[in-house]
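Here's the structure we're looking at; comments come further down.
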There are 2 protein chains.
Amino acid sequence: MPSYTAPIADINFVLHDVLNASGTGLPSYEDMDKDTTTAILEEAGKLATDVLAPLNPVGDTEGCTLENGVVRTPTGFKDAFEQMKAGGWTGLDCDPDYGGQGMSYLMHSAVNEIFVSANMSFQMYQGLTHGAYSAIHTHGSDQQKATYLPKLVSCDWTGTMNLTEPHAGTDLGLMRTKAEPNSDGSYAITGQKIFISAGEHDLAENIIHLVLAKIPGGPEGTKGISLFIVPKFLVNEDGSLGARNGVNVGNIETKMGLHGNATCVMNYDGATGYLLGPENKGMRAMFTMMNEARLGVGLQGYAQSEVAYQNAVTYARDRLQGRDVTGVQNPEGPADPIIVHPDVRRNLMDQKSFTEGARAATYWCAHLIDRSVRTGDDDAEGLVSLIIPVIKGFCTDKGFDSAIGAQQVYGGHGYIEEWGMSQFARDARIAMIYEGANGVQALDLVGRKLAQDGGKHVMAFFDLVKSFCKENAEVEGMEDIIASLKSGSKDLQAAAQFFMMNAMKNPNAALAGSYDFMHLFGHVCLGFMWARMAKAALNPGDGDPMFYETKLTTARYYMARQMPATKMHLARIETGAAPVMDLEAAGF
Amino acid sequence: MPSYTAPIADINFVLHDVLNASGTGLPSYEDMDKDTTTAILEEAGKLATDVLAPLNPVGDTEGCTLENGVVRTPTGFKDAFEQMKAGGWTGLDCDPDYGGQGMSYLMHSAVNEIFVSANMSFQMYQGLTHGAYSAIHTHGSDQQKATYLPKLVSCDWTGTMNLTEPHAGTDLGLMRTKAEPNSDGSYAITGQKIFISAGEHDLAENIIHLVLAKIPGGPEGTKGISLFIVPKFLVNEDGSLGARNGVNVGNIETKMGLHGNATCVMNYDGATGYLLGPENKGMRAMFTMMNEARLGVGLQGYAQSEVAYQNAVTYARDRLQGRDVTGVQNPEGPADPIIVHPDVRRNLMDQKSFTEGARAATYWCAHLIDRSVRTGDDDAEGLVSLIIPVIKGFCTDKGFDSAIGAQQVYGGHGYIEEWGMSQFARDARIAMIYEGANGVQALDLVGRKLAQDGGKHVMAFFDLVKSFCKENAEVEGMEDIIASLKSGSKDLQAAAQFFMMNAMKNPNAALAGSYDFMHLFGHVCLGFMWARMAKAALNPGDGDPMFYETKLTTARYYMARQMPATKMHLARIETGAAPVMDLEAAGF
């Protein structure tokens, strides 16, 4: 069975050596000193290693079951969920007015990574609840906040997001679920939603569904969509649970992975719903949550890579096959451990350098979200909106590749479910799809974010990279790293330039290159992070020198072996629309 | 449920327009005229579409079951297997002396592709039998041939390959299974083998296991390995079945995919075995089969890509989401089909251009195998041995990526098992692992094949490409295609040059780049095939002009959007050993 150990030193390295979290003076960063973060991460790590990780294969094997309208989660999930609640983990960055602990979103992200690595299906019950909390916290009335937030913070109640319908996925304007006004100010919600994660389960007393629906007579398309709170059990004035609402699970899906989380078809049959935020502004309300949700999915990508990598390293150290071509390393044994073989190392270094780079990028972005949300920093907000689709798309694509690479280290054993490597890959696969499939992330990046506010945010990103390069170009040990980052950044600028020159005449000239642009941006983003990590590693504190040396070596690997991808992506982008668009639809 | 239609026009295009099969005059190519191949492919296509493809999800869902030592295949497999036998499909390229039809290996490969696309798990029962047939046909005594071949050709009996043991996968020298001589000239085989595909099942009267084992007192390591025939039921002199032999299935594995094929732990408990070929030459006997086996696995990679692509195209034409940014295409509908969106097309073109290129490369190699085996052409044999690891490694890696891309077209529905796209990806995954994991293919390519016979074969490959480029550089419509192929080939030569300059001093300088080299070679190989296909398409016969136009457009796509990868791989290779080897093993 696979195991998981929280990479606390790596996490602390990003929090402190790279982001200098405790030195920022941001609200909610008061308790971000290294002693405190270490204590928190160690506690989270214990829960992850001892409770959540052992339940991961259980969730995969048993899955969720639906019987007579009741969904049962896998054996042990309920117990673990109670431990999660008892440990106070569910409201780490939530508003203290509603029972939260008021910590930063950055700290929440670090802890979330640990739980997601250990058991992604399990952690999603809490993750979706956090999303519902954020929506109601941002858009709810005082009464709605008072009614729902304390229970969502404690996870006595959990939350869901209901967007997709069978015929309306990316194109939510096609939605048919309707919300008809009742005389008491509530609405009667009728329609079917699909792919509702944690739509029904046995972990909580109540489930608070956030549902997008159309009020009849409103504008066409996405402009006529409103957001509603639809509790499974109506809530009485005193906060106690009242009548069962007209919302039911119709089916649970059999999926490639994520078996421990129930993916539900939800049927709304005149269910009572309460408008959240203004009429017809449901999409806007959803969008305010989207940054956090998409960052969380990008995190799932590298978190699965992290746990898969840990196990691949263990296997590569244990498995004896063949001999080091440069000389026997394990003369006492019948063969050398496979970690001596260059291609096994190449594979492991790909996984390692991606995972640590993605962690840094994700935490950086979480930190920018704190700046944006907690201090109203518009520049940070702009940068976040630009980088979110990159992190979501790139980190989930590469996270999946990385899990596949880790599985490959096991040879035939990797294909056998018992060893657990297949689950990491199958679970990681969904992250490329939900919260906006990665092609949609690329479209968002190139079609919206790049030119947003006159291209101000992408210019800000380039300025950040440029300043860093300028400051560090002459620093001993940084020369090659800076040269590689500069080269990648130049490729990214050339790609953006190509879009600017050509997209006015032909939008497809940009859109045909959007996926490559997302990956090109991802490499520059992770390259920037590796350069910052290398800089930090060159100025080590009093920690283990080998730890810092390893960071430098890994940074050099990323620059040497991953950054060359930027030129390939640029070359593809510069072929423009024709190769992609020339074939008649009938020719496929 | 997904569907499959044999791509007969595409297959015929490679057989006739590109390879000019009927004009080669090779033995066994007499019946390769287009009318005959069309008739055969159409019949195979009917069986595939009507019988095998509908059983593919059945096999995935039901899997195989083991009860009291009996393995049951999924519902319908036995019936379908009888139809396969009755249709005479099992001995297409086998020796007529033993009931085969004496056709070419090329034709076998084309038909095999169709069956693998339709149902990979099912087709493997037959595929492994073909491997056992080849081994006995090449290495068996007259008596062994007479005893086993007719039954293997008809698939009344099936075959297996037993190499792997729990502690001995890639490194077969560690093998412990022993073969002790009996007084009658047979051997008593004792040991445990794992990952034995089709090791036990209910489709055949008898199962002929080919087993690698060590005769006590023989040389150490792989030099002391011999190959044995171990029938499940011993065969009487009159050919009837005798006593049950001491070989039993210990367990069947629960796998990520390939559920319809039983992957068995086989226990040999003094089972009677018969030496096949000379003592201690088992590895050599295995190697003679390896080219065909590895080509067959490379074929599985693109065959899964083909069926996944077909379904992705259907979905992309049906699914209505969003509008074409350049103008509404489906004004009558609520939205446009997603095939209008550039990134969906980019994804489909990646799949299409890979699959058709891989088909051409595989058939080319099958044709070279015919030349080598049926006319003793040593140059062809050398080229085959060079290209096999490229086709196995590259086509299975890219075939998996392509199946993942096809799944992505479906958005959330791709993750739901019911739609069938997950199975294509899960089934394709194994092809990267078995028959030598892809890292081992890269090692074989760079560590053995590249320098084999003084580098003669790789020089021959470069000469082929060079001559083609020279002949066609000025042909109207070929200019860009040739330029791109030349550039890729130059990168491949530079990489080979880098290895030559550095590997003597440090073998890891080559091995650290072996995986990139395999992919670089794969791109040049497919680029060469696309150039040849483009040339053929520029001289169309009397077929549908749009068919040939589509080939040209797809060739241009491959050159524009895939060939830029060669520079990335070269850049990585040229960073040498240091980035990959610098990290201490403890630093992972």
Side-chain angles (χ1 to χ4, degrees), chain A residues 164 169-171 174 195 253-256 313 321-322 325-326 334-335 339 342-346 348-349 352 408 411-412 414-418 422 430 432-434 437 439 442-443 507-508 511-512 514-515 550 553 556-557 560-561 564-565 567-568 571-572 575 579-583 585 587-588, chain B residues 164 169-171 174 195 253-256 313 321-322 325-326 334-335 339 342-346 348-349 352 408 411-412 414-418 422 430 432-434 437 439 442-443 507-508 511-512 514-515 550 553 556-557 560-561 564-565 567-568 571-572 575 579-583 585 587-588:
Chain A
T164 306
T170 300
D171 191 350
L174 302 175
F195 302 156
E253 308 283 0
T254 303
K255 309 184 299 287
M256 185 177 184
V313 169
Q321 295 286 283
V325 289
T326 63
I339 202 166
D343 189 63
V344 171
R345 296 178 67 99
R346 187 266 321 153
L348 292 174
M349 287 302 291
K352 180 179 172 64
Q408 190 75 11
Y415 200 63
I416 309 298
E417 290 293 352
E418 189 187 352
S422 162
I430 188 57
M432 297 156 68
I433 297 173
Y434 60 19
L443 178 65
N508 287 342
L511 297 182
S514 59
Y515 213 86
T550 294
T553 308
R556 295 210 172 90
Y557 181 88
R561 308 273 308 193
K567 296 219 177 314
M568 175 185 73
R572 287 182 182 164
T575 64
V580 172
M581 304 307 294
D582 273 359
L583 201 65
F588 280 94
Chain B
T164 306
T170 299
D171 191 349
L174 302 176
F195 302 156
E253 308 283 2
T254 302
K255 310 185 297 290
M256 185 177 182
V313 169
Q321 295 286 285
V325 288
T326 63
I339 203 167
D343 189 63
V344 172
R345 296 178 67 100
R346 188 268 319 155
L348 292 174
M349 287 301 291
K352 179 179 173 64
Q408 190 74 11
Y415 200 64
I416 309 298
E417 291 293 351
E418 188 188 351
S422 162
I430 187 58
M432 298 157 68
I433 298 173
Y434 61 17
L443 178 65
N508 287 341
L511 298 181
S514 59
Y515 213 88
T550 294
T553 308
R556 296 211 171 90
Y557 182 88
R561 309 272 308 192
K567 296 217 179 315
M568 175 185 72
R572 286 182 183 165
T575 63
V580 173
M581 304 307 294
D582 274 358
L583 201 64
F588 281 94

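Owing to the predicted nature of the structure, the values given are computational and were not obtained by experimental measurement. Chain identifiers are assigned alphabetically (A, B, ...) following the order of the sequence lines, protein sequences preceding nucleic acid strands; residue numbering begins at 1 within each chain.
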At a heavy-atom distance under 4.5 Å, which candidate from [options] has the highest pair count against chain A?
{"options": "B:Arg345, B:Lys255, B:Met349", "result": "B:Arg345"}
{"options": "B:Ile430, B:Val325, B:Asn508", "result": "B:Ile430"}
{"options": "B:Glu253, B:Lys352, B:Gln408", "result": "B:Gln408"}
{"options": "B:Leu583, B:Thr550, B:Leu511", "result": "B:Leu583"}

Task: Residues forming a side chain to side chain contact (heavy atoms under 4.5 Å, CB included) with B:Pro564, sequence neighbours excluded - done: A:Met568, A:Ala571, A:Arg572
Open item on the list: I'd like to check the side chain to side chain contact (heavy atoms under 4.5 Å, CB included) partners of B:Leu348; sequence neighbours left out, ordered by chain and number.
Closed with: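 Only A:Phe588, B:Tyr309, B:Ala312, B:Val313, B:Ala316, B:Ile339, B:Val344, B:Gln351, B:Val409 meet the side chain to side chain contact (heavy atoms under 4.5 Å, CB included) criterion with B:Leu348.
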For [X] against [Y], the heavy-atom pair lying closest together:
{"X": "A:Leu174", "Y": "B:Gln321", "value": "CD1-NE2, 3.5 Å"}
{"X": "A:Ile433", "Y": "B:Gly412", "value": "CG2-N, 3.4 Å"}
{"X": "A:Met256", "Y": "B:Ser422", "value": "CG-OG, 3.3 Å"}

Most contacts with chain B, counted as non-hydrogen pairs under 4.5 angstrom, among [options]:
{"options": "A:Ala335, A:Ala585, A:Pro334", "value": "A:Ala585"}
{"options": "A:Ala512, A:Ala437, A:Ala442", "value": "A:Ala512"}
{"options": "A:Thr170, A:Ile416, A:Thr553, A:Thr326", "value": "A:Ile416"}
{"options": "A:Glu417, A:Met432, A:Arg556", "value": "A:Glu417"}

TODO: Would you check, one step at a time, whether the test side chain to side chain contact (heavy atoms under 4.5 Å, CB included) holds for A:Asp343 with B:Leu443?
DONE: CA-CA 8 Å; A:Asp343 189 63; B:Leu443 178 65; over 6 Å; no
Task: Which portion of A:Thr575 sits near chain B, non-hydrogen atoms under 4.5 angstrom - done: side chain
Task: Interface moiety of B:Thr254 toward chain A, non-hydrogen atoms closer than 4.5 Å - done: both
Open item on the list: Given 3.5 Å as the limit, does a donor-acceptor pair link the side chain of B:Arg346 with the main chain of A:Val580, or not?
Closed with: no
TODO: Please round to the nearest 0.5 Å and tell me the distance separating atom OH of B:Tyr415 and atom OH of A:Tyr434.
DONE: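 Here the rounded value is 7.5 Å.
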